[in-house]
2 protein chains.
Amino acid sequence: MLPNSEKPSSDCCSANNKHVHDAIVREIRKKLPHDEELFNLADLFKVFGDTTRIKILYALSESELCVCAIAELLKMTQSATSHQLRVLKDSGLVGSRREGKTIYYFLTDDHVRSIISQGYDHITEDKETDND
Amino acid sequence: MLPNSEKPSSDCCSANNKHVHDAIVREIRKKLPHDEELFNLADLFKVFGDTTRIKILYALSESELCVCAIAELLKMTQSATSHQLRVLKDSGLVGSRREGKTIYYFLTDDHVRSIISQGYDHITEDKETDND
DNA sequence: CTTTCATATGAAGATTTGCTCATATGATAA
DNA sequence: TTATCATATGAGCAAATCTTCATATGAAAG
């Protein structure tokens, strides 16, 4: 939290009063990560932001799987599955391993499990925030 | 992990061999959360999957802020900011509080901080997974 | 080599998303 | 009440996204 002297003031936003919260804005801007990092962060979460991919990640957290098993699990085309696996692999969340003609996918680290787990905690808490 | 008897077999996917991994698929399907939960989970992460919203969440993790302060911080329109705040509020990640004409937004719980923090950990690890 | 099988990929179409613009709402001041 | 200020919201457009279809690649079997 910011020191008291910089607490938001209620008269704000009119052209001549804009400087009132300029101080706070500057203060917070200093603390924000750089745009590139924020962009990468958003990009990472974007990967989690799709039901198909979440399902794949969940499945892979149980066992490594070949593409056709995943496709069958998702009841989706092999093609669609493969496209999504590419997204997951590009993001570094999953890796792959060849065994003959088959290619197995697996989670590369435990961040995936913990991120999903935190998200799961959030949605399973039925906490209503009725601030209107 | 699945018991050894259910480990993926390398001959899979041909029409007559499909049953080979049917057992694994069934096993994993039992362990997956219901579609609705997975959908909600993806929806939650979708909220984090945008640079603007990540920036807002990061900012609010420092201090509650009024809309115009956030808009100024993001160098974005008041309208665009307000639209995104609505998304954040609908997802339950932020709440709002009125003080005169001004409306202050704030984080509703610490899941936001921990989820972002986990994501940040992931992207700042320069771990190359070169499994092709 | 040729065929088959498991997977990958490019193009295309439908849907979703994030911003802008104009306007609405709701609280305060005059 | 009327004017003003902070914020909210609906419509519309451009860009991103996800799936399908057709086809390409690459390994193993014949």
Side-chain angles (χ1 to χ4, degrees), chain A residues 8-18 20-21 39 42-43 45-56 64-72 74-91 94-106 131-132, chain B residues 8-18 20-21 39 42-43 45-56 64-72 74-91 94-106 131-132:
Chain A
S9 150
S10 63
D11 53 348
C12 81
C13 274
S14 58
N16 15 346
N17 288 351
K18 218 172 177 189
V20 171
H21 52 52
F39 187 83
D43 251 30
F45 286 120
K46 215 169 282 181
V47 175
F48 289 85
D50 175 83
T51 311
T52 300
R53 286 191 296 261
I54 279 280
K55 225 178 245 182
I56 295 176
E64 68 168 15
L65 291 167
C66 68
V67 179
C68 56
I70 299 172
E72 195 185 327
L74 303 177
K75 290 170 183 142
M76 271 189 21
T77 311
Q78 173 270 318
S79 177
T81 307
S82 191
H83 277 295
Q84 294 295 21
L85 285 169
R86 182 153 162 47
V87 174
L88 289 169
K89 196 171 179 184
D90 284 351
S91 73
V94 311
S96 63
R97 164 177 85 76
R98 166 157 251 145
E99 198 176 304
K101 285 180 269 186
T102 310
I103 292 181
Y104 293 99
Y105 281 83
F106 50 85
N131 299 67
D132 281 64
Chain B
S9 150
S10 63
D11 54 347
C12 80
C13 274
S14 58
N16 17 346
N17 288 351
K18 218 173 178 188
V20 171
H21 52 50
F39 187 83
D43 251 29
F45 286 120
K46 216 169 282 182
V47 176
F48 289 86
D50 175 83
T51 312
T52 300
R53 287 191 295 262
I54 279 281
K55 225 178 246 183
I56 295 177
E64 67 167 15
L65 291 167
C66 68
V67 179
C68 57
I70 298 172
E72 194 186 327
L74 303 176
K75 290 171 184 141
M76 270 188 23
T77 310
Q78 173 269 320
S79 177
T81 307
S82 191
H83 277 294
Q84 294 294 22
L85 285 169
R86 181 151 163 50
V87 174
L88 289 169
K89 197 172 178 183
D90 284 351
S91 73
V94 311
S96 63
R97 165 177 84 77
R98 165 156 250 146
E99 199 176 303
K101 287 180 268 186
T102 309
I103 292 182
Y104 291 99
Y105 281 84
F106 50 85
N131 298 65
D132 282 64

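Naming: A, B, ... by sequence-line order, numbering from 1 per chain. Since this is a predicted model, take the numbers as computed values, not measurements.
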Value in whole Å for how far the [atom2] atom of [N] lies from [atom1] of [X]:
{"X": "A/Gln78", "N": "D/dA24", "atom1": "CD", "atom2": "P", "value": "15 Å"}
{"X": "B/Glu99", "N": "D/dT7", "atom1": "CD", "atom2": "C1'", "value": "15 Å"}
{"X": "B/Tyr104", "N": "D/dA8", "atom1": "OH", "atom2": "P", "value": "13 Å"}
{"X": "A/Phe48", "N": "D/dC18", "atom1": "CZ", "atom2": "C1'", "value": "18 Å"}
{"X": "A/Lys46", "N": "D/dA16", "atom1": "NZ", "atom2": "C1'", "value": "8 Å"}
{"X": "B/Met76", "N": "C/dT17", "atom1": "CE", "atom2": "C1'", "value": "13 Å"}
{"X": "B/Ile70", "N": "D/dT7", "atom1": "CD1", "atom2": "C1'", "value": "11 Å"}
{"X": "B/Asp90", "N": "C/dT17", "atom1": "CG", "atom2": "P", "value": "13 Å"}

Looking at every strand, decide which applies to A/Thr52 at a 4.0 Å heavy-atom threshold: base, sugar-phosphate, or nothing.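 Contact class for A/Thr52: sugar-phosphate only.
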Listed nucleotide nearest any side-chain atom of [X], set [options]:
{"X": "B/Ser82", "options": "D/dT19, C/dG18, D/dT7", "value": "D/dT7"}
{"X": "A/Arg53", "options": "C/dT7, D/dA27, D/dC18", "value": "D/dC18"}
{"X": "A/Ala80", "options": "C/dA27, C/dT7, D/dT20", "value": "D/dT20"}
{"X": "B/Arg98", "options": "D/dA8, D/dT20, C/dG26", "value": "C/dG26"}
{"X": "A/His83", "options": "C/dG10, D/dT9, D/dT7", "value": "C/dG10"}
{"X": "A/Ile103", "options": "D/dA8, C/dT7, C/dT28", "value": "C/dT7"}
{"X": "A/Thr102", "options": "C/dT7, C/dA8, C/dG18", "value": "C/dT7"}
{"X": "A/Arg86", "options": "C/dT9, D/dG26, D/dC18", "value": "C/dT9"}

If the plane angle is over 60° it's perpendicular, under 30° parallel, otherwise tilted; pick one for A/Phe48 and B/Phe45.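 Ring orientation of A/Phe48 relative to B/Phe45: tilted.
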Out of A/Ile70, A/Leu74, A/Val87, which one pairs with A/Thr52 under the side chain to side chain contact (heavy atoms under 4.5 Å, CB included) rule?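 Among A/Ile70, A/Leu74, A/Val87, the one meeting side chain to side chain contact (heavy atoms under 4.5 Å, CB included) with A/Thr52 is A/Leu74.
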Determine whether any donor atom in the side chain of A/Ser79 lies under 3.5 Å from an acceptor atom in the base of D/dC21, or the reverse, and answer yes or no.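 When only heavy-atom distances are counted, A/Ser79 does reach the base of D/dC21 through a donor-acceptor pair under 3.5 Å.
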Can you find a donor-acceptor pair, distance only, under 3.5 Å between B/Thr77 side chain and C/dC21 base?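 A donor-acceptor contact between them is absent.
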Looking at every non-hydrogen atom in both residues, tell me the closest pair between A/Arg53 and A/Val47 and how far apart they are.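 In terms of heavy atoms, the two residues are closest at NE-O, 2.8 Å.
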Please name the pair of heavy atoms, one in B/Ser96 and one in B/Ile103, separated by the smallest distance, quoted to 0.1 Å.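 Distance-wise, the nearest heavy atoms are CB-CG2, 3.8 Å.
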Tell me, do B/Leu65 and B/Tyr105 make a side-chain contact under 4.5 Å, heavy atoms counted?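 A side-chain contact is absent here, since even the closest heavy-atom pair is not under 4.5 Å.
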